[in-house]
Amino acid sequence: MPAALAGVGAAEAVAAVRGSGSFLDAAGKLVVDRGPRSAVEIVIPVLRSADKAAIRAGALATVLAYGALLGGSHRSGPRDLAATTALAAAGVVVSGRFGSVTGHRRSHTQDLLAVTAGSAVGVAALRMPIRAQMCTALLGAAALTWSQRQAARSTPPTTCGSGDACGKDLLPSPRHPLPPPVDGAEAWPGATPLMTPVEYFYVTDVTMRPPVVDSGMWRLRIEGAVDRPATMSYTDLLGEELVEFDAAMVCVHNRLGWHRLGNQRWTGVPLHRLIERARPRPTAAVVVTRSVDGWECSLPLDLLADRDAYLVLGMAGRPLTAAHGYPARVFVPGLYGQYAGAKWVTHIRLQSTPNEDYWSRRGWTRGPLQVRPMARIDNPVAGQVLPAVSGTVTVCGVAWSPATAVAAVEVSLDAGPWRPAELAGNLSATSWRRWRAHLEVPAGRHVVRARCLGVDGQIQEEVVRRPFPSGVSGYHQIGFTVRPSDPVSPVAPRPLGTG
Ligand SMILES: Nc1nc2c(c(=O)[nH]1)N[C@H]1C(S)=C(S)[C@@H](COP(=O)(O)O)O[C@H]1N2
Ligand SMILES: [Mo]
């Protein structure tokens, strides 16, 4: 086991120094892509956001357990050598097959170098006396910690990628900028921010670390069933007439009351403009968006006629961050994220036949899947104990129905009748909408539920369903307690300062 730790530490450190792919990340990617879907569906709700770190830790634990199991003896024997060789071979295969794109410098040869170096250190450690082995293991642990820090630093989740244009921090202004996002609920106590700050905006993807794309080398290709295939650079795209739009992006994994969605102002280029220019052939029916790491998702070409779809370059007035798809991503407000388009998009491919998308291969409903209307209660929070302020409790939250716009939000106290909530202003049909309701509540425990109605008359579904295979349904409800008001004290309060 110490030898295994030394080996992994060495492999990860070499990978970090060379800027090549990490073996632990490759092993993690193997689990994400090939692991049983049910396991993945269990891990998501349990871990919520630290899933990638946990998967990486799991990969490390597996290697160490393997070391402990097979390298039982202190001195190296043929068995240990064989075990190390087997592990190295597995490392080579996994790195070659699942090594993810961590930067433009990546090459498989580099990954192999790291794995080979790690195995050599592992084998050398096996030949050492146990004390020396322990020292090597400590060094390995230090190297591992250092490499993880390096990797985290090279892909900062809250800033943009390494490209020059990104460094300048600003996108060209759109010709028709939208007015500042204001909905009239700015002074509501406890209201959710109208725009989700980028650093709190959920991140969902199947990439172990966000690819750091160099915008100078990056190209977007429009190809396939088109008469004029096109290749565009980041600068070309910044030169397009940019448009702004406000929209909620919702993950199909979002559960009742969860925050796997965010509302933002996006900047981009209408996708149909780019596609029309490439002259789709009459046979073209499907638009596939493909990311730098090979992730694919498809949209019916017809959909682009009915629904706005964008090649997005910015979020909150700034270039996209690495985590959110820098330099460009495809987004269709109203569709769940995994059906809308690829982050770090490199190819837009038109074709006549349906595509095997990443998620459809994993058993999810084929797209396009529209976001269902839903309301979330943000205040009070579940289990909160509130003072009785003249018997009224204000409940507030957000509601979204980006496929149709929010028509109304209703709340029900203790399974009572549904009553309309007050709605804040509407930024756009695809944006979420803030709401609140003042409820007359006696002291004691209560349950409040909320539901959203879409403008097409669609009412949020009551039946509770899990995210798989086509998104959650049900009502978000929370329990809270109202304290009985303090009995008026019959005794006059003691003057201060008398002890
Ligand atoms: N390349 C790539 N694009 C992707 C994904 C992915 O795993 N890889 N995940 C999709 C999913 S499931 C969602 S919900 C949104 C999330 O975007 P965000 O991380 O910016 O919130 O991106 C979509 N685009
Ligand atoms: Mo998602």
Side-chain angles (χ1 to χ4, degrees), residues 28-29 32-33 37 40-41 44-45 48-49 51-52 55 98 100-102 155 157-158 160-161 195-213 218 220 247-255 258-268 288-299 309-316 318-348 357-365 367-372 400 402 432 466-472:
K29 181 71 175 147
V32 170
D33 287 357
R37 201 202 51 240
V40 175
E41 293 309 312
I44 291 174
R48 294 194 174 204
S49 63
D51 48 353
K52 304 287 166 59
I55 292 168
F98 292 94
S100 59
V101 189
T102 50
T155 54
T158 55
C160 52
M195 291 301 182
T196 313
V198 176
E199 58 272 35
Y200 295 113
F201 203 100
Y202 83 99
V203 172
T204 298
D205 54 59
V206 293
T207 314
M208 288 301 287
R209 293 188 192 273
V212 176
V213 178
W218 175 87
L220 174 67
M249 182 180 287
V250 187
C251 180
V252 73
H253 283 97
N254 191 56
R255 297 191 173 214
W258 275 28
H259 292 246
R260 233 175 231 237
L261 82 158
N263 198 48
Q264 253 309 342
R265 175 157 294 178
W266 309 86
T267 310
V288 181
T289 67
R290 182 184 171 85
S291 126
V292 68
D293 65 350
W295 188 93
E296 288 189 349
C297 135
S298 61
L299 298 161
Y310 301 89
L311 180 77
V312 168
L313 301 171
M315 193 175 177
R318 309 274 300 268
L320 291 171
T321 62
H324 293 295
Y326 180 82
R329 69 185 300 172
V330 171
F331 179 36
V332 186
L335 299 185
Y336 286 111
Q338 75 184 34
Y339 296 97
K343 306 199 269 189
W344 317 291
V345 62
T346 53
H347 294 80
I348 295 177
D357 293 346
Y358 183 91
W359 289 107
S360 61
R361 219 183 297 132
R362 297 286 271 158
W364 287 76
T365 303
L369 198 61
Q370 308 230 340
V371 178
R372 298 205 189 85
W400 58 91
W432 73 20
R466 287 159 181 273
F468 183 81
S470 47
V472 280

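First listed ligand is number 1; within each ligand, the first listed atom is number 1. From a predicted model like this one, the values you see are computed outputs, not experimental measurements.
In this structure, Arg329 counts as a contact residue of ligand 1, since one of its heavy atoms falls inside 4.0 Å of the ligand. Residue-ligand proximity: Gly325 is placed with every non-hydrogen atom at 4.0 Å or more from ligand 1. Residue-ligand proximity: Ala340 is placed with every non-hydrogen atom at 4.0 Å or more from ligand 1.
For atom 8 (N) of ligand 1, the choice among Trp295, Phe331, Tyr358, Tyr339 with the nearest heavy atom turns out to be Trp295.
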Apply the test salt bridge (charged side-chain N to carboxylate O under 4.0 Å, His left out) to residues Lys343 and Asp293: give CA-CA distance (whole Å), side-chain angles for both, the deciding distance (0.1 Å), then the verdict.
-> CA-CA 10 Å; Lys343 306 199 269 189; Asp293 65 350; over 6 Å; no

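Thr289 places a side-chain N or O within 3.5 Å of a backbone atom of Ala342 that can act as its donor or acceptor partner.
When each atom of ligand 1 is checked for a heavy atom of Cys251 under 4.0 Å away, the hits are 14 (S). Atoms of ligand 1 found under 4.0 Å from any heavy atom of Phe201 (numbered from 1 in listed order, with element): 21 (O). Within the listing of ligand 1, atoms 3 (N) sit less than 4.0 angstrom from a heavy atom of Ala342. Those atoms of ligand 1 that come under 4.0 Å of a heavy atom in Met249, given as number and element, are 17 (O), 21 (O). Near Ser291, meaning under 4.0 Å from one of its heavy atoms, ligand 1 places the atoms 1 (N).
In terms of N/O distances under 3.5 Å, ligand 1 is not approached by Gln338.
Nearest protein heavy-atom neighbour of atom 21 (O) of ligand 1: Tyr202 O, 2.7 Å.
When each of Val198, Thr321, Thr267 is paired with Met315, the side-chain contact (heavy atoms from CB on, under 4.5 Å) condition holds for Val198 and for no other.
Aromatic ring centroids of Phe331 and Trp266 lie under 6.0 Å apart. The six-membered or imidazole ring of Trp359 lies near that of His253, with a centre-to-centre distance under 6.0 Å.
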